[in-house]
Amino acid sequence: MAEKFDVIVVGAGPAGTACAYTLAKQGVSVLLLERGEYPGSKNVMGGVLYRKMMEDVIPGFYKEAPVERPIVEQRFMMLDKESATTFSYKGMEWGKEPYNNFTVLRAKFDQWFADKAVEQGALLINETVALECIVKDGKVVGVRTDRPEGDIYADVVVLADGVNSLLAKSLGFHKEFKPDEVALAVMEVLKLDKKVIEDRFNLEGDQGCTIEIFGDSTKGILGTAWLYTNKDSLNIGVGTMLSGLIKHKLKPYELLEYVKTHPMIRPYIQGTEQQEYLAHLIPEGGYRSMPKIVGDGVLVVGDAAQMVNAIHREGSNMAMTSGVIAAETIIEAQSTGDFSEKALDVYRQRLMYSFVGEDLKKYKDATHHFEKYPHYFEQYIPMINRAASQMFTVDGTSKREKQRKIWQGIGTVGDKIKIARDLFQAWRVMK
Amino acid sequence: MLHIVACIKQVPDTKIIKMNPKTNTMDRSSAPAILNPYDAHAVEEAVRLKARYGGKVSVVTMGPPPAVKAIRKCIEIGADEGYLITDRAFAGADTLATSYSLTKAIEKIGTMEPIDLIICGKMTIDGDTGQVGPGIARRLDIPPLTSVNKVVELDREVGYAVVHRKLEDGYEVIQTTLPCLLSVEKEINEIPYSTLPNMMRAARYQPVIWSVEDLGIVDRTKLGLKGSPTIVAKVWPPDKPKGGEMLQGSSEEQVNRLFSILMNKKELFHKSGATEEGGVQ
Amino acid sequence: MNIEEYCGIWVFLEHKDGAIVPVSLELLGAGRRLADKRGVPLSGILIGDGVKGLAAEAITYGAETVYVYDDPIFYHYRTESYMRAVIACVEKYKPEIFLYGATSTGKDLASAVATDLATGLTADTTMLDVDAETGLLEASRPAFGGNIMATILCKKDRPQMATVRPKVVKALERDPERTGEVIEEPVELREEDIRTKVLDIVRHTVKKVRLDEADIIVAGGKGLGGRAGFEMIGEFAKRIGASVGGSRDAVEAGWIEHSRQVGQTGVTVTPKIYFAIGISGAIQHLVGMQNSGLIIAINKDSNAAIFQACHYGIVGDAFEIVPMLTEAFDQALREEVEHG
């Protein structure tokens, strides 16, 4: 007779592990299934971990977790072909407890996090693929894995199997994603001496820095590039909407190569050695493409629920919060023994009230907005760079004259009105 | 009941290990620790014999505490029990000291339940020696049989086994008394995908862990660095090849150039072609 | 142990089909060099049934003394019987260095002997030297999948033992003028003391290729993409009378059998011509073929490490280059037939 657990969590990424950890801590019997060789082995993330949401799961985690560097500076770079306008914030308050964010290597961090869940009593099984949910009388009662004697049962199954959740799909919770609902991120880890990183990025000791890069880094396609500092490596990547890549007939790694050789980026990564290359789909559709996330005996969390905020690239913290809320919902449901869709719907409701739902709602139009108006990237960023160049080039022209020229450079009156309208809309979307 | 002990080792995956070019040391973090691939076949063979004749499979390893992971991998394959001997005193052991320590552990396992057969992998991928298995057999004074690629039959009651030992151009059929020790080739079996119940048992499994004190009467001068006659005097990177001449031009030009180079060694080429069957399986 | 009592270099003389195997002759060459450096004698130990005649052969290759155990009990190699003869002989004559070929027999025997003598044994040595003064054997070998080379010493125990890979050292020219002594040792073993019996020996009917004896090897790697790629190089190999080999990746992918694996965990080869096709040149592969006479590499990736290890390289698609090369040989063959 196959074993039965209270809960099976499919996928040991941040969402699944946060869920399993929370459940196990309350004494719930939980099986955590991971398809990779170990948790994190199949993961790629921009590399930023948000302290607040992680601390909701494990207070003071940063004292022992394998984090790379606390981020003390965030830079934003608007890139044109041969120029960049950068603004940044650096604050020493981020360099000490309780910190703000950290860079992490998912391969290390996820493994550590899953080990914590195991310490709490979760049973972690690696290298095992969940093929489908076992459904009985319309209710999910377990999971069929790819292993011999591989059926396993539970009161509730939590799907945390990533953006292309096969299990959610097989339950009819969502259809195949449309290209404009998913982003493709490609990323490389580049080895670089610790000391060189600190000199090059103007950092002291363990401090870290992130650079978000907009504009020419994606050749005008909606998306961003990024460059993060790890302990002794850099994390460089570019994420764009799949639809944009298809339209521009670009291969993702071509785009990454373009970023790496860009004259504004190149100096940062000089002398590095490529360690790893990874590609990953990220749901970017936001609130509008969120699939059904609750069913009889089943909950969907994390990327599998399209839980990503396309604008702020905060996938993993939302994922964690969704995992925790799912766990709390299940624990409450255990008191009544009712795991029906109706009882578990508390999860969806709470999620929508949490910052996750609020943020997703708030930015729900953002992706689609920028998708509709590619000139944000194609025109405005070059424009800003031209303006900055004119402003700062010392050529004997007065500041007043420079401003006049900049204003002229923006174009006709009609253009100016259009820009004003676009910027206003962008502000409405983002605020 | 047939009791088989498999000797295993956790090793860095040398296939992907990176070297620190400055210090000539291995960057151990670059290579995950895995169950020595040859040992996986040893455990699988033990599990198959258990399926054939009934009985029990124990695995034993010497290593640091994380080697528990390698034992769990054996439980996934179907082993019943695992023993880890771990102690600072074992550190720095060469093959002679390793075979001594493992023998002590095997003797102790044997006092709890007599052992009929010991199976080892052909060699480890980090040490590449294949010396520990025969060493254990000598210390236990049982016949060592290396290069085994088939176990034909085994009779615990009468106390014999028949196995095939691989030769360069065939195999020999050997009859041996039991208990004995087999070092097995990878080709002896294929390791199937483990069942989910085995995976769950492995995830929960806590092996027996022994230190030197737990092994009974042990001659400490035979352990670890102290008990190792060989020492590594120096390590250096293999000679860097210098690089050859890259042929230039179109594919056709390159092939023509290569062909004329090869024609300087014309006498080597058979005019009439093949002398052997093709290499494809 | 008084290591001063130990003197002389020994080689285990492995034999097959009535002849001493090449690696043992190579070791006599290496042993001669070590013995001369040390100013000590070089001896061989020969065990078998009806093998006494081979002792003279060993002497023509450099041995000064050959100890012979000739008895029906040694008809087949068995660890227990051979080991006892070797141990008895070592205890009687006390050599300081004892070399074995790193063959399956040599490794099996040396491992057992080292345990009983409680002495150091270095496996799969590829370089040998000796300190003329101290007599310390410097046995060097690739370790950790060929990622590093390590020199191993055995300071306090004797004999210092090593198994040595075939084809890494050179045999001396055979010289019938060399003289030496053959000493027959008494055999005190009884069959009933031996716990193993060889019931049968089965030779493969199709003569298996000996990659290490091939003059030309065409080896393929991951870049060939599958069995079709190996069929292609197989065709080429057939045309030029070469043997087919493969990299570890290709073997693990099941495109070619393990016995044809070239490299650290496969065979070491030294053909006159080695073609590396679609092989990236991982260090563990290079250690197995770097002493080949002429190395030709074909690979798509111009950065592949194999180009650092070859004599001539072609950056290109094997599926284009190899058939062209095959055709070039075909044509040459046709012309030869027509003209000659």
Side-chain angles (χ1 to χ4, degrees), chain A residues 1-5 8 10 12 20 24 29-41 66 68 105 107-108 111 114-115 117-119 121-131 134 142-154 189 191 193 230-233 273-276, chain B residues 10-23 25-37 40 43-44 47-48 50-51 64-79 189-207 237:
Chain A
M1 179 60 205
E3 216 175 312
K4 185 173 177 246
F5 289 81
I8 298 169
V10 181
S29 78
V30 49
L31 176 69
L32 182 55
L33 286 177
E34 166 59 35
R35 67 184 301 158
E37 214 179 317
Y38 55 88
S41 63
E68 294 290 303
L105 288 173
K108 286 186 196 165
Q111 216 174 340
D115 283 346
V118 169
E119 272 174 32
L123 191 67
L124 170 67
I125 303 288
N126 293 316
E127 296 177 272
T128 302
V129 180
L131 299 172
I134 302 170
V143 167
R144 180 154 296 142
T145 70
D146 63 341
R147 293 200 171 269
E149 302 168 55
D151 287 3
I152 189 87
Y153 295 90
V189 177
K191 189 116 181 125
D193 190 67
N230 300 322
K231 266 204 186 82
D232 54 3
S233 62
E273 184 197 331
Q274 187 187 332
Q275 257 191 323
E276 277 177 85
Chain B
Q10 190 177 49
V11 295
D13 193 344
T14 52
K15 208 169 150 185
I16 53 176
I17 202 161
K18 294 195 178 84
M19 302 302 293
N20 179 335
K22 284 180 202 147
T23 59
T25 51
M26 290 174 308
D27 175 8
R28 279 191 183 262
S29 64
S30 71
I34 56 169
L35 171 63
N36 178 41
V43 176
E44 171 66 19
V47 169
R48 285 178 187 220
K50 179 180 97 168
V68 165
K69 219 183 112 193
I71 291 183
R72 293 213 174 101
K73 197 83 203 168
C74 300
I75 304 286
E76 286 178 13
I77 296 169
N189 55 45
E190 274 183 29
I191 300 164
Y193 204 39
S194 300
T195 66
L196 191 61
N198 274 359
M199 294 295 290
M200 295 202 290
R201 178 163 187 270
R204 291 181 173 124
Y205 185 75
Q206 295 299 336

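Residue numbering restarts at 1 for every chain, and letters A, B, ... go by the order of the sequence lines.
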Under 4.5 Å from any heavy atom of chain B, what part of A:D146 do you find: side chain, backbone, both or neither? both

Would one find more than 12 heavy atoms of other residues, nucleotides or ligands at under 6.0 Å from atom NZ of A:K108? no

Looking at side-chain heavy atoms only, is the closest gap between A:E127 and A:R147 below 4.5 Å? yes

Given side chains that start at C-beta, do those of A:L131 and A:T145 come closer than 4.5 Å, heavy atoms only? no

I need the contact set between residues 199-207 of chain B and chain A: heavy-atom distance under 4.5 Å, sorted by residue number. B:M199, B:M200, B:A203, B:R204

Sidechain N-carboxylate O distance under 4.0 Å for B:E76, B:R72: no

Tell me, do A:E37 and A:N126 make a side-chain contact under 4.5 Å, heavy atoms counted? no

The criterion is salt bridge (charged side-chain N to carboxylate O under 4.0 Å, His left out); which residues satisfy it with B:K69, sequence neighbours excluded? none

Given that the side chain runs from C-beta out, which part of A:I125 has a heavy atom under 4.5 Å from chain B: side chain, backbone, both or neither? side chain

Check whether any side-chain heavy atom of B:K73 lies under 4.5 Å from a side-chain heavy atom of B:S194, and answer yes or no. no

